[in-house]
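Here the structure comes first, spelled out in structure tokens, and everything after it is commentary.
Positions are given from 1, in the same order as the sequence printed here. Order of appearance sets the numbers: ligands from 1, and atoms from 1 within every ligand. Side chains are part of it too, since the values below use all heavy atoms of this structure and drop only hydrogens, waters and symmetry mates.
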Amino acid sequence: MARYVFITGGVVSSLGKGLASAALGALLQARGFSVRLRKLDPYLNVDPGTMSPFEHGEVFVTDDGAETDLDLGHYERFTGVAARNTDSVSSGRIYSTVLEKERRGDYLGKTIQVIPHVTNEIKDFLSVGADEVDFMLCEIGGTVGDIEGLPFFEAIRQFGQDRPRGETIYMHLTLLPWLTASGELKTKPTQHSVKELRSIGIAPDILVCRSEKMIPQKEREKLALFCNVRPDSVIAAYDLKSIYEAPLAYHREGLDQAVLDAFQISPAPRPVLTRWEDVSDRIFNYEGEVKIAIVGKYTQLEDAYKSIAEALTHGGMANRVKVRIEWVDAELFEHQDPAPFLEGYHAILVPGGFGERGTEGKIRAAEYARTRKIPYLGICLGMQMAVIEAARNLAGLETAGSEEFDHEAGAKRFEPVVYHLKEWVQGNHTIARRVDDDKGGTMRLGAYTATLAEGSKVAEIYGTTTIEERHRHRYEVDIKYREALESKGVIFSGMSPDGRLPEIIEIKDHPWFIGVQFHPELKSKPFEPAPLFRDFVRAAKDVSRLV
Ligand code: GLN
């Protein structure tokens with residue numbers, strides 16, 4: 001049975017709980033243990049699939065097709081362990097399961113209450129797969145004291161009591177604000193936050209303290225005394241230049257040792273940190289810089305394209321270059337030449353997206369990259385835009401567009417080169433959807449196989465002709481335009497195994513122009529960059545050397 005570490009946060013949000021959890025996972029792996037990370041989110045959406053990326057950041061998709069919180073992306077990037085459907089849950093999902101059971105009559109005769117029905121449901125979620133790993137790290141979203149989070153805190157308190165002594169610990173992240181006027185770090189907010197936690201029955205074993213300044217020994221001792229933790233379990237978390245320094249930084253501060261001590265694991269296995277030393281070396285020692293434009297809609301919030309930004313960074317590490325990402329709003333050049341906005345970039349990436357807004361700008365960006373022979377990576381919507389551009393400007397289909405944009409009933413402004421996919425094959429069964437189906441969880445989601453054409457650029461990049469990548473889309477390039485497009489130099493170099501769904505397109509006689517219907521960024525790791533990102537950054541590096 002796994003040992004459990006529960007990670008909670010206090011004082012303010014955005015302290016980097018997800019990163020601390022992911023780094024701890026990486027450190028436990030470095031000590032030879034197997035880990036799995038899990039996220040519990042207090043919001044009432046059943047999953048983040050229907051939330052705006054403006055508000056909540058990107059939706060991270062797992063192999064088994066769950067739409068989850070972007071923290072699961074951090075977990076995967078740091079541990080390499082593929083997240084599953086059962087690694088992410090929200091209050092919304094918990095309540096919806098409880099209410100379904102109630103309607104079915106599973107609790108017949110009972111009054112349904114938060115304790116025990118909701119808390120039992122949470123504990124069941126926590127227990128899934130507990131016998132598969134040495135450590136299960138479970139992060140609770142939000143901060144202690146939030147009304148919505150209470151059932152989760154109660155459930156993790158009970159969970160610790162249900163399990164044998166010494167098999168569950170609690171780690172609490174807080175902030176030590178620096179007061180310039182008095183020139184000191186303040187511990188009071190942390191004391192209050194721990195008090196709040198203890199009032200609901202949870203005594204933290206480890207305190208992780210975010211701080212801009214060095215934490216003096218005296219303050220550590222004070223925190224230990226007032227918060228009832230051991231002095232060596234007060235761990236400092238200073239600001240870092242790169243998130244990929246986190247495992248080494250937390251190791252230096254003694255986090256993994258404190259966790260093993262709290263579980264009384266002795267002697268502690270020695271850590272092997274070569275993977276993270278190499279990652280740090282690559283992050284900080286580079287030989288040049290490339291500038292890449294991401295032409296999108298959600299450019300105000302970087303978290304909306306979190307995995308793409310990280311995958312580009314990984315691609316840079318592989319090529320020993322620093323990748324400077326600039327966010328370009330596609331709406332700026334919907335009706336004009338994009339050149340003034342796109343000149344000077346060594347490569348252009350058009351990411352995924354939904355809805356019509358900004359798409360004419362993305363189509364122009366694809367045209368600019370194609371005609372100027374600038375490396376182009378189109379992801380999901382970015383591939384669809386590249387195909388529409390080629391259909392309009394190479395194959396002469398002037399009104400080519402996507403059914404996604406003809407959203408008003410009866411509107412038929414576009415020839416649907418990209419159409420609403422209503423039936424597809426997964427493994428050995430067929431999945432069908434209707435146009436008016438629910439919006440939540442009804443896309444083509446998760447890992448699907450693609451077959452790559454022998455001798456194509458993508459087959460060379462991947463080094464194989466069978467790949468598995470994650471999908472999240474409703475629309476699809478219509479195979480019936482294949483001949484018209486191929487005769488004009490658009491190569492369909494990746495297809496679904498049944499040959500019906502285009503998965504990858506390339507432009508012939510172009511140094512690097514690839515569109516993919518899937519999201520290669522979701523599987524990229526600093527120590528194992530996604531092949532497409534590795535090679536895309538290499539192509540950008542080549543361009544940077546020419547100018
Ligand atoms: N909106 C497009 C579709 O549903 C693209 C989705 C995406 O980019 N993830 O097919």
**Study point:** From H346 atom NE2 to D542 atom CG, the distance as rounded to the nearest 0.5 Å
**Key:** 11.5 Å
Review point. Less than 4.0 Å between a side-chain N and a carboxylate O, is that true for E58 and R472?
Key: no
Exercise for review: Look at R538 together with D535 and state whether they make a salt bridge at an N to O cut-off of under 4.0 Å.
Suggested key: yes
May I have the N/O to N/O pairs between ligand 1 and the protein that fall below 3.5 Å, each with atom names and distance to one decimal?
unit_1	atom_1	unit_2	atom_2	d
ligand 1	1 (N)	G353	O	2.9
ligand 1	1 (N)	E404	OE1	2.7
ligand 1	1 (N)	E404	OE2	3.0
ligand 1	4 (O)	R474	N	2.9
ligand 1	8 (O)	G353	N	2.9
ligand 1	8 (O)	G353	O	3.4
ligand 1	8 (O)	L381	N	3.1
ligand 1	9 (N)	R472	O	2.9
ligand 1	9 (N)	H519	NE2	3.3
ligand 1	10 (O)	Q384	NE2	3.1
ligand 1	10 (O)	R474	N	3.3
ligand 1	10 (O)	Y475	N	2.8
ligand 1	10 (O)	Y475	O	3.3

Exercise for review: Assess R364 against F333: is NZ or CZ under 6.0 Å from the centre of the six-membered ring, and within 45 degrees of the ring's axis?
Suggested key: no
**Study point:** R77 to Y244 six-membered ring, cation-pi geometry met (6.0 Å, 45°)
**Key:** no
Study note, to complete from the structure: From the list E139, R36, R38, side-chain hydrogen bond (donor to acceptor under 3.5 Å, both in side chains) with Y75 holds only for E139
